[in-house]
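Beneath this line is the structure, given in C-alpha cells, with notes to follow.
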Amino acid sequence: MSLELTDITLTYPDGDSRLTALDEVSLTVPAGTTTAVVGPSGSGKSSLLAVAATLVRPDRGRVVLDGRDTAGLSRAELAALRRQRIGIVFQQANLLPSLTAEEQLRAMAHLDGRPARAARERAAELLGAVGLAHRAHRRPHQLSGGERQRVNIARALMNDPAVLLVDEPTSALDQERGAAVMALLTSLTRQRGTATVLVTHDASHLAAADQVAEVRDGRLTLPQPVPAGGPPPGR
Ligand SMILES: Nc1ncnc2c1ncn2[C@@H]1O[C@H](COP(=O)(O)OP(=O)(O)O)[C@@H](O)[C@H]1O
Ligand SMILES: [Mg+2]
C-alpha cells in the first residue's frame with residue numbers, strides 16, 4: 001500500500017498557451033509514512049494532490065496507487081478506486097449541516113453499500129480514534145473548528161484508504177489545535193498503514209513528517225534529511 005508518482009507533468013490552459021502546474025514531479029510515499037509538502041502559494045501543491053487523488057489526469061507521467069497503475073482505468077473504475085482506497089481531507093471540513101458526527105461517517109459507508117451494523121461499529125471506532133466518542137451525536141454547528149476537522153479526518157478513514165491526501169488541514173485552526181491535528185494524522189498514518197501526503201504551510205508541523213517535499217514553480221525537490229545530531233561540520 002503505497003503511492004508512487006513518476007515524472008508527472010500537468011498543464012492547464014492559460015489564454016493561448018498553457019501553464020505548467022507540475023513539471024516532471026516524482027514522489028514515492030511508502031505505506032505507514034507521512035510526506036509533508038511545502039511551498040509558496042500557487043506552486044502546485046493542490047494540483048499534486050488532485051493528480052494523486054486521480055481527480056485530474058496528468059499530461060504525462062504515472063500514478064500508481066496501492067500497486068495499481070491508474071493510467072488504464074475507466075472513469076467508473078477511478079471513481080470506485082477513490083471511494084474504496086483514497087481518503088481526501090480538504091482545508092474546509094465540508095460536513096453536512098443536518099447530520100451528526102456519526103452520521104457523517106456512516107454516510108460514506110452507505111455510498112459503498114456496506115451493512116449498516118458494520119458501518120456503525122466502524123464509525124464508533126474511528127470517532128474514538130480521533131478523540132470524539134463523546135461528540136458522536138453532535139451536528140457540525142455544535143462542534144468546535146478543531147472537532148469538525150477531526151470528524152473530517154475520521155470520515156476520510158471510513159473506507160480504510162490505502163492513500164490519505166490532506167490539503168492544509170490546520171489553516172483554519174490556531175497553533176495548538178493545528179499541532180494536535182498534525183499529531184493525530186501522523187499517528188493514524190502509522191497505525192493504519194496509509195501512505196499520507198499532507199500539504200502544510202506551517203513549518204512548525206514538519207518535524208512530525210517522515211519526509212518533507214518542497215514544491216516551487218511546479219518542481220518538487222526532496223531535501224536531504226538532517227542526520228540525527230545535526231548537520232555534518234563544515235556546512
Ligand atoms: N483548474 C485550474 N485551471 C487553471 N489553472 C489552475 C487551475 N488550478 C490551479 N491552477 C494554477 O496552477 C498553479 C498551481 O496551483 P495550485 O496547485 O492550486 O497551487 P498551490 O496549492 O500550491 O497554491 C497556479 O498557477 C494556479 O493558478
Ligand atoms: Mg493549494
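Counting starts at 1 for both ligands and their atoms, in listed order. These figures come from a predicted structure and were not determined experimentally. For the single chain, residues carry numbers from 1 onward in sequence order.
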For the CG atom of L132 and the CZ atom of R138, what is their distance to the nearest 0.5 Å?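 CZ of R138 is found 10.0 Å from CG of L132.
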Measure from the Mg ion (ligand 2) to each N, O or S atom of S46 and report whether any distance is below 2.8 Å.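 S46 does place an N, O or S atom closer than 2.8 Å to the Mg ion (ligand 2).
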Can you sort out which atoms of ligand 1 are near [X], meaning under 4.0 Å from one of its heavy atoms?
X   : value
P40 : 22 (O)
S41 : 23 (O)
A21 : 12 (O)

So which of T34, L222, L206, T35 actually passes side chain to side chain contact (heavy atoms under 4.5 Å, CB included) with V212?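 Single side chain to side chain contact (heavy atoms under 4.5 Å, CB included) partner of V212 among T34, L222, L206, T35: L206.
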Answer yes or no: does an N/O atom from G44 fall short of 3.5 Å to an N/O atom of ligand 1?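 Between G44 and ligand 1 (N or O atoms, distance only) the closest approach is under 3.5 Å.
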Within-cut-off N or O pair, G42 and ligand 1, under 3.5 Å: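 Yes - when backbone and side-chain N and O of G42 are compared with those of ligand 1, one distance drops under 3.5 Å.
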If we only consider heavy atoms of G218, is any one of them less than 4.0 Å away from an atom in ligand 1? no
Mark the output for G39 as yes if a heavy-atom distance to ligand 1 is under 4.0 Å, and as no if none is.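 Judged by the 4.0 Å heavy-atom criterion, G39 does not count as contacting ligand 1.
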When you compare the side chain of L48 with that of V199, does any pair of heavy atoms fall below 4.5 Å?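 No; the side chains remain at least 4.5 Å from each other.
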Flag atom 26 (C) of ligand 1 as yes if some protein heavy-atom distance to it falls below 4.0 Å, otherwise no.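 Looking at atom 26 (C) of ligand 1, one finds that no protein heavy atom lies closer than 4.0 Å.
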Pick out which of T70, T6, D69 makes a side chain to side chain donor-acceptor pair (under 3.5 Å) with R62. D69
At their closest point, which heavy atom of R57 faces which heavy atom of L78, and how far apart are they? NH2-CD1, 3.6 Å
Minimum heavy-atom distance between P169 and L185, given as atom pair plus value: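 Taking P169 first and L185 second, the nearest heavy atoms are CG-CD1, 4.0 Å.
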One residue to check: V199. Relative to ligand 1, which of side chain, backbone, both or neither has a non-hydrogen atom less than 4.0 Å away?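 For V199, there is no contact with ligand 1 at all, from either part.
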Stepwise, does the side chain to side chain contact (heavy atoms under 4.5 Å, CB included) test hold for T196 with V29? CA-CA 7 Å; T196 298; V29 183; 5.7 Å; no
So which heavy atom in the protein is nearest [atom], and how far is it from that ligand atom?
atom                    : result
atom 15 (O) of ligand 1 : S47 OG, 3.9 Å
atom 18 (O) of ligand 1 : S46 CB, 3.8 Å
atom 9 (C) of ligand 1  : Y12 CE1, 3.4 Å

Can a donor-acceptor pair be found between the side chains of E214 and T221 at a distance below 3.5 Å?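 T221 and E214 do not have a side-chain donor-acceptor pair below 3.5 Å.
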Any ion pair linking R106 and E103 (charged N to carboxylate O, less than 4.0 Å)? no
